[in-house]
Amino acid sequence: MLPSRIVIVGAGQAAAAAIDTLRRKGFTGAIALVGEEDSCPYQRPPLSKKYLAGALAHERLLIRPPHFYTEHAIEMHLGRRVTRIDRAAQRICLDDGTALPYDELLLATGSRPRALSAPGADLPGVHFLRTVKDVEAIRGDCARARHVVIVGGGYIGLEVAATCRELGLDTTVLEMADRTMNRVTCPEVSAFVQAEHARHGVNIVCNMRVRAIAADASSGRARAVICEDGTEYRADLVVVGVGVAPADEVASAAGLDCANGITVDEFCRTSDPRILAAGDCCIHPSPHYGRRVRLESVDNAFEQGTSAALSLLGTPAVHDKVPWFWSDQYDLKLIIVGLNHGYDTLVMRGAPAQRSFSVCYLANGELVAVDTVNSAKDQMAARKLIAARARPSLDKLADPNLPLRECL
Ligand SMILES: Cc1cc2nc3c(=O)[nH]c(=O)nc-3n(C[C@H](O)[C@H](O)[C@H](O)COP(=O)(O)OP(=O)(O)OC[C@H]3O[C@@H](n4cnc5c(N)ncnc54)[C@H](O)[C@@H]3O)c2cc1C
């Protein structure tokens, strides 16, 4: 039997996909959406790119215009945080004391920036980047800043670096590992991206751990980032991008199984049959890769939001698409298809010097992931080959003139 009332917690990408699917598939029951930000669901990727640069209006971030939710009879509770799930009574409690009953609950609470554990990390002028409000605060400081230090050389840090450089700021990235983006890509792609940043005048310093952020004696604002080796980097603006953690605290407090995210099955069901979870907040089994994964991408939030809605409608479908992720830095479009974890062979297609190339990752002869840089055509073929567990010929793969789809 279909639920008569679905409550969705977290008004982000996964929630938007779930609402879309539920209404498009004809669900006529009540849907309530609770979100702690005071905005309708919006896209986060432009936050570190065009929106930070001031080149995109706020309305363009919205996944659906506000009237969509009225027209589709969505009961909106924006600017409200869920503080507790009462599983026995099947209701959630909001921070203003309201209690909302549910037949089925979908948790789509996303993730939160990891804190920087260094003295001075809470000074004015030090920012994290997750929400529109964060960007507005950064933009305010950008207007009077000359020297920005970005702590963390992952995607977000590097995208912010590219944007700040384009805004004319003196930009330094401090990364504690020996290379940037080390969690997601190979040393060859890291080296290429770092060289591009250097060419644009960004100072990337690896193997550098932050010890503290020092304050200016008169203004009390951040003045410099001080590293473990004693080096000081001048900074009137600091952006911290040291990764995110799943927002699973309410789920965990309610006794749902959590382990680096809310544990779900391949249909987005949690350990409580009345509760589902989707997006950055959860960890799911990937039949393709044969292990549990927690992904932080728009694609995953969209796929899982859709999959959770199908489960709610009683028509479950296994969520097992090949994941993909993109990053834009300057005129570079980096697209990562699949997960390269455990690869034993790496094949370059094309030369980084041409600024358009791909890197293929294989494990025991099977293609498991492909990174493409300004090479969209390889990206589409990669998704199909990885999904089909293709075992391409290495010689053919290495020939950039041969389309990837013909490399079998
Ligand atoms: C700056 C930036 C750039 C990015 N760039 C890319 C990119 O280029 N490509 C890509 O694929 N991905 C990118 N991502 C990642 C992508 O945006 C996320 O993976 C995606 O938004 C996850 O969707 P979600 O629905 O799981 O969570 P979110 O979209 O984060 O939504 C979760 C919402 O739940 C709310 N919430 C949390 N707890 C509660 C509670 N207790 N009560 C009420 N509400 C709550 C949060 O405030 C938030 O609004 C980027 C992310 C950021 C921050």
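Whatever order the structure lists them in is the order used to number ligands and atoms, beginning at 1.
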Margin query: Under the criterion side chain to side chain donor-acceptor pair (under 3.5 Å), I'd like the reasoning laid out for D272 against T270: C-alpha separation, chi angles, the key distance, then a yes or no.
Written below: CA-CA 5 Å; D272 180 323; T270 69; 5.5 Å; no

Under 4.0 Å, heavy atoms only, figure out whether ligand 1 is touched by the backbone of [X], its side chain, both or neither.
X: R80; answer: backbone
X: A301; answer: side chain
X: N300; answer: neither

Hey, does [X] come in under 3.5 Å of ligand 1, counting only N/O atoms on both sides?
X: S48; value: no
X: E37; value: yes
X: R130; value: yes
X: V82; value: yes
X: S327; value: no
X: G35; value: no
X: D299; value: no
X: E249; value: no
X: Q13; value: yes

State, without any angle test, whether [X] and [Y] hold a side-chain donor-acceptor pair at a distance under 3.5 Å.
X: T372; Y: D378; result: no
X: D95; Y: T83; result: no
X: Q194; Y: T180; result: yes
X: N203; Y: Y233; result: no
X: Q304; Y: T306; result: no
X: H197; Y: Y330; result: yes
X: Y69; Y: E75; result: no
X: S111; Y: D280; result: yes

Against heavy atoms of [X], which atoms of ligand 1 measure under 4.0 Å?
X: S297; answer: 11 (O), 12 (N), 19 (O)
X: A108; answer: 32 (C), 33 (C), 34 (O)
X: L129; answer: 1 (C), 53 (C)
X: T109; answer: 32 (C), 34 (O), 36 (N), 37 (C), 38 (N), 39 (C)
X: E296; answer: 19 (O)
X: V9; answer: 42 (N), 43 (C)
X: G279; answer: 26 (O)
X: G10; answer: 33 (C), 34 (O), 35 (C), 44 (N)

Hey, can you pull the donor-acceptor pairs under 3.5 Å for the side chains in residues 242-260, sequence neighbours left out?
residue: D248; atom: OD2; partner: G261; partner atom: N; Å: 3.3
residue: E249; atom: OE2; partner: R112; partner atom: NE; Å: 3.3
residue: E249; atom: OE2; partner: R112; partner atom: NH2; Å: 2.7
residue: N260; atom: OD1; partner: R294; partner atom: NE; Å: 3.2

What protein heavy atom sits nearest [atom], and how far off is it?
atom: atom 7 (C) of ligand 1; value: W326 O, 3.4 Å
atom: atom 44 (N) of ligand 1; value: E36 N, 3.1 Å
atom: atom 2 (C) of ligand 1; value: I156 CD1, 3.6 Å
atom: atom 26 (O) of ligand 1; value: D280 N, 2.9 Å
atom: atom 6 (C) of ligand 1; value: P45 CG, 3.5 Å
atom: atom 17 (O) of ligand 1; value: R44 CB, 3.3 Å

Check: Touching ligand 1 at all, K49? Heavy atoms, strictly under 4.0 Å?
Finding: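 Contact check K49 vs ligand 1: positive.
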
Checklist line | Close approach of Q304 to ligand 1, heavy atoms, under 4.0 angstrom | finding: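 No.
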
Next item on the list: Look at K49 together with E159 and state whether they make a salt bridge at an N to O cut-off of under 4.0 Å.
Entry: yes

Next item on the list: For the pair D134 and R130, find out whether any cationic side-chain nitrogen is under 4.0 Å from an anionic carboxylate oxygen.
Entry: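 R130 and D134: not salt-bridged.
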
Item checked: R179 vs S190, side chain to side chain donor-acceptor pair (under 3.5 Å): CA-CA, chis, key distance, verdict -> CA-CA 6 Å; R179 62 183 176 93; S190 296; 2.7 Å; yes

Next item on the list: Check the surroundings of atom CZ in R139: do more than 12 heavy atoms from other residues, nucleotides or ligands lie under 6.0 Å from it?
Entry: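 Yes, because the 6.0 Å sphere around CZ of R139 holds more than 12 heavy atoms from other groups.
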
Check: Would one find more than 12 heavy atoms of other residues, nucleotides or ligands at under 6.0 Å from atom NZ of K50?
Finding: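 Open: at most 12 neighbouring heavy atoms sit under 6.0 Å from NZ of K50.
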
Next item on the list: Quick one: pull up CG in D141 and CG in D236 and give me the separation to the nearest 0.5 Å.
Entry: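 Reported value, rounded in 0.5 Å steps: 8.5 Å.
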
